[in-house]
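Every heavy atom of this structure was used, including side-chain atoms; hydrogens, water molecules and symmetry mates were not. Order of the sequence lines fixes the chain letters, A, B, ..., with proteins taken first and strands second; residue numbering starts at 1 for each chain.
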Amino acid sequence: MLLIPCPWCGPRDEAEFHYGGQAHVAYPENPAALSDEEWARYLFFRDNPKGLFAERWSHTAGCRRWFNAVRDTATNEIHAVYRVGEPRPVTA
Amino acid sequence: MADSTVAVSMAVPIAGRRSPAAAYAARFEAASAGGGLRLAEIPFLTQVNLRVDPKSPAAERIGTAIGVPLPVEPGTVAGGGDLEALWLGPDEWVLLAPDGAAPGLVARLTEAAGGEHVSVVDVSAQRTTLVVAGDRARDVLAHGCTLDLHPRVFGPGRCAQTTLARAGVVLVAGEDGFRLLVRSSFAGYVAEWLLDASVEYAGPAAGA
Ligand SMILES: [Zn+2]
């Protein structure tokens, strides 16, 4: 079980959170101009690194806020958490 | 229209009104007989959900209007007695007051909001309040709560939205124990769970 540090509430049990996938996926500026292939790429294609990954989490059973976390997908270690709107911190 | 009688409880019984954990009163009392633990329901508290940007003039006016500055530190409670403000999120609070205070409180908040981007909702019927108090309160809650409940971390003046035995609760720490704000539809489940978790503590307190 992970202990995830919500940037508002502090460390909480993983069961209080929901996962939201890769962070910093920008919504297309003009979705209507995209081809089906480009739209599908925006909707369904995500990075799948072994190592550090910036991802979205929601503290659903707590403050109900979305935030971002940098998690090592190989070790599950969480290297940083930051609030929506804040830039991704530099992590080793 | 704001009025100054907001804290006066309307003691008029409302026909047919029954609190969500009313059926557990006798069993709560029995479980409290040992002295190490006290279970009870505080029915019908006024609960008003408030959403407002804490940096806005409206938030400041609201703090002045209710006489309690909205707490901005996560997981803290401001005020006391007849009006408490519990931090639920960076722009969300729940205000607790005695039974019957909702109409006046909502009116005061709405007036202080002054047409700004503020949400004021009377959610009194959404949850009931359970008391888990006494020397054994922490031990009982620890059976189903992942928070560190040590007073050094979660002492009086602190609150948290979390889960107890997988049910969503707002946990409020006080001098003598905890209050649990539990959704009405979960009140029976949480009451049963508390009674079950209390069995081993129902006797006299250790050392007593
Ligand atoms: Zn949180």
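Contact record, A:Cys63 with B:Gly89: CB-CA, 4.2 Å, taken as the closest heavy-atom pair.
Within 6.0 Å of CZ in A:Phe17 there are more than 12 heavy atoms belonging to other residues, nucleotides or ligands.
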Chain B/chain A interface donor-acceptor pairs under 3.5 Å:
{"from": "B:Asp91", "atom 1": "OD1", "to": "A:Arg65", "atom 2": "NH2", "distance (Å)": "2.1"}
{"from": "B:Glu92", "atom 1": "OE1", "to": "A:Arg64", "atom 2": "NH2", "distance (Å)": "2.8"}
{"from": "B:Glu92", "atom 1": "OE1", "to": "A:Arg65", "atom 2": "NH1", "distance (Å)": "3.4"}
{"from": "B:Glu92", "atom 1": "OE2", "to": "A:Arg64", "atom 2": "NH2", "distance (Å)": "2.8"}
{"from": "B:Gln161", "atom 1": "O", "to": "A:Arg12", "atom 2": "NH1", "distance (Å)": "2.7"}
{"from": "B:Gln161", "atom 1": "NE2", "to": "A:Gly62", "atom 2": "O", "distance (Å)": "2.8"}
{"from": "B:Thr162", "atom 1": "OG1", "to": "A:Glu16", "atom 2": "OE2", "distance (Å)": "2.4"}

